[in-house]
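See structure below.
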Amino acid sequence: MTMDILDAPQLLRKAEIATKLSDYGDDSFAERFAIGVEQLRKLNMDAAGQAAAAEVCHGLLTSRLQFFNDHKTYPGLAEEVIERPLFATGEPRSGTTLLHALLSVDPDSRSLRFWEVMYPSPPPGLAKADDPRRALADADWQEINTKAPEWLKIHPYNDMLGDGLPECERTWAMDFRVMTPTAWWRAPIGMFVGGMPTNPDDQYKIHKMMLQHCQFGQPKKRWALKGFHGPRLKSFFDAYPDARLIWTHRDPVQVTASRIGMAAVLTKAFAGEVDVKQQAAIHLAATRAGIQDTMSNPMVDDPRIFHVRYTDFVADPVGTIAKFYTFAGLTMSAGAESAMRDYLVNNKGGRYGKFEYSSDDIGVDINALNEEFAPYRKRFGLDVETR
């Protein structure tokens, strides 16, 4: 087997033959896909790794072709109105996954589910009782959890399997804007960060199409979603002008330490080995970039954003969401509050063991790093978080 298995034109053609479709929905897609394939080639994977990566490409390509074909087959998809959605955001490891989970159990809300974004065609609202996609996604997640059991300590929500809650970024996997582990776990690429072309306007276009796709044929409910939207606020609000965004803020030193710990776990699980110092450099740089963007972006003060401290959210998750609902012009129903409190009782964070991480792994002077991030902590009223 040679590197020819990772040949972009051949992979595109294979997907077209398999689906009998050829419209990828974006004239720039083939070029972007080729960049993604080139990133894979640079990893110098062995033959088995190349074959696994090619298979992931095939799955994403066929899903994309079928997704865009659905939007031709069902013209009503484009007419679906996404009204007053709620979004959670923040730096990674700042409580947004728990926040998302609690928002999702409100009976008046709905969230994307992994089975919907992993196997989007046909529109989930048209699914019949014997639709195999939920079982396929469950099997995928059982495979993920077997390969990365330590991930359950970090994200115990992974036990929801195919009914779990994807981040908004997962909708961009088939757009080859990101290479998230929840799409690429079968390929030995670890936790791949950066390196792909971005276009926020186009990314939110396909994100909104996915919401329309999953809303079609179903009772209308308010969307409750989570993604890392801070660096893309203009495009985000252009796409969803009536959205309300709750943004958690945590001490960046602990954010960085936790990110490094998670990246090390996932890289070792999926790639077989990990250079912790390399991961530390990558994720310290990513945290610095995120904090710099937050501090310099005037849209951070947009009146549609509700800022909250991580420590306040952790101390009173349901109360924090109630305040967010008031901010968004909503009333928390008794059913919503009960569902959220039941979720907290029945889904303890440490049910698979405690996730251990240390700021020592960052590899720089922590006092200097605290000083570097002091303006951010001051702006959002954060204390230095000690563990």
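For the single chain, residues carry numbers from 1 onward in sequence order. Quick caveat: nothing in here was measured; it's all calculated off a predicted structure.
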Phe87 six-ring face occupied by Arg244 cation (under 6.0 Å, within 45°) | no

Under 3.5 Å side-chain donor-acceptor pair for [X] and [Y]:
| X | Y | result |
| --- | --- | --- |
| Trp223 | Glu83 | no |
| Thr62 | Thr19 | no |
| Thr256 | Thr287 | yes |
| Tyr74 | His213 | no |
| His229 | Tyr204 | yes |

Note, Val308 side chain near His249 side chain (heavy atom, < 4.5 Å) |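 A side-chain contact under 4.5 Å is absent here.
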
Should Cys57 and Trp184 count as side-chain neighbours, where that means a heavy-atom distance under 4.5 Å?
->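 Side-chain contact under 4.5 Å: yes.
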
Are the charged groups of Asp301 and Arg379 less than 4.0 angstrom apart, N to O?
->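 Answer for the salt bridge query: yes.
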
Who pairs with Asp175 by side-chain hydrogen bond (donor to acceptor under 3.5 Å, both in side chains), at least two apart in sequence or on another chain?
-> Arg32, Arg64, Arg177

Phe67 vs His71 aromatic rings, parallel, tilted or perpendicular, using cut-offs 30° and 60°?
-> tilted

When the ring planes of Phe270 and Trp151 are compared, do they come out parallel, tilted or perpendicular, using 30° and 60° as the limits?
-> perpendicular

Who passes side chain to side chain contact (heavy atoms under 4.5 Å, CB included) against [X], sequence neighbours left out?
| X | value |
| --- | --- |
| Ala127 | Trp115, Asp131, Arg133 |
| Tyr310 | Arg250, Val314, Glu385 |
| Thr180 | Arg170, Ala173, Val178, Thr182, Ala183 |

Mind checking what makes ring-ring contact (aromatic ring centres under 6.0 Å, His included) contact with Tyr325, not counting sequence neighbours?
-> none

Can you sort out the partners of Phe355 under ring-ring contact (aromatic ring centres under 6.0 Å, His included), two or more places apart, ordered by chain and number?
->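 Applying ring-ring contact (aromatic ring centres under 6.0 Å, His included) to Phe355 gives Tyr357.
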
Would you find more than 12 non-hydrogen atoms of other residues, nucleotides or ligands less than 6.0 Å from Lys277 atom NZ?
->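 Count not over threshold, so no.
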
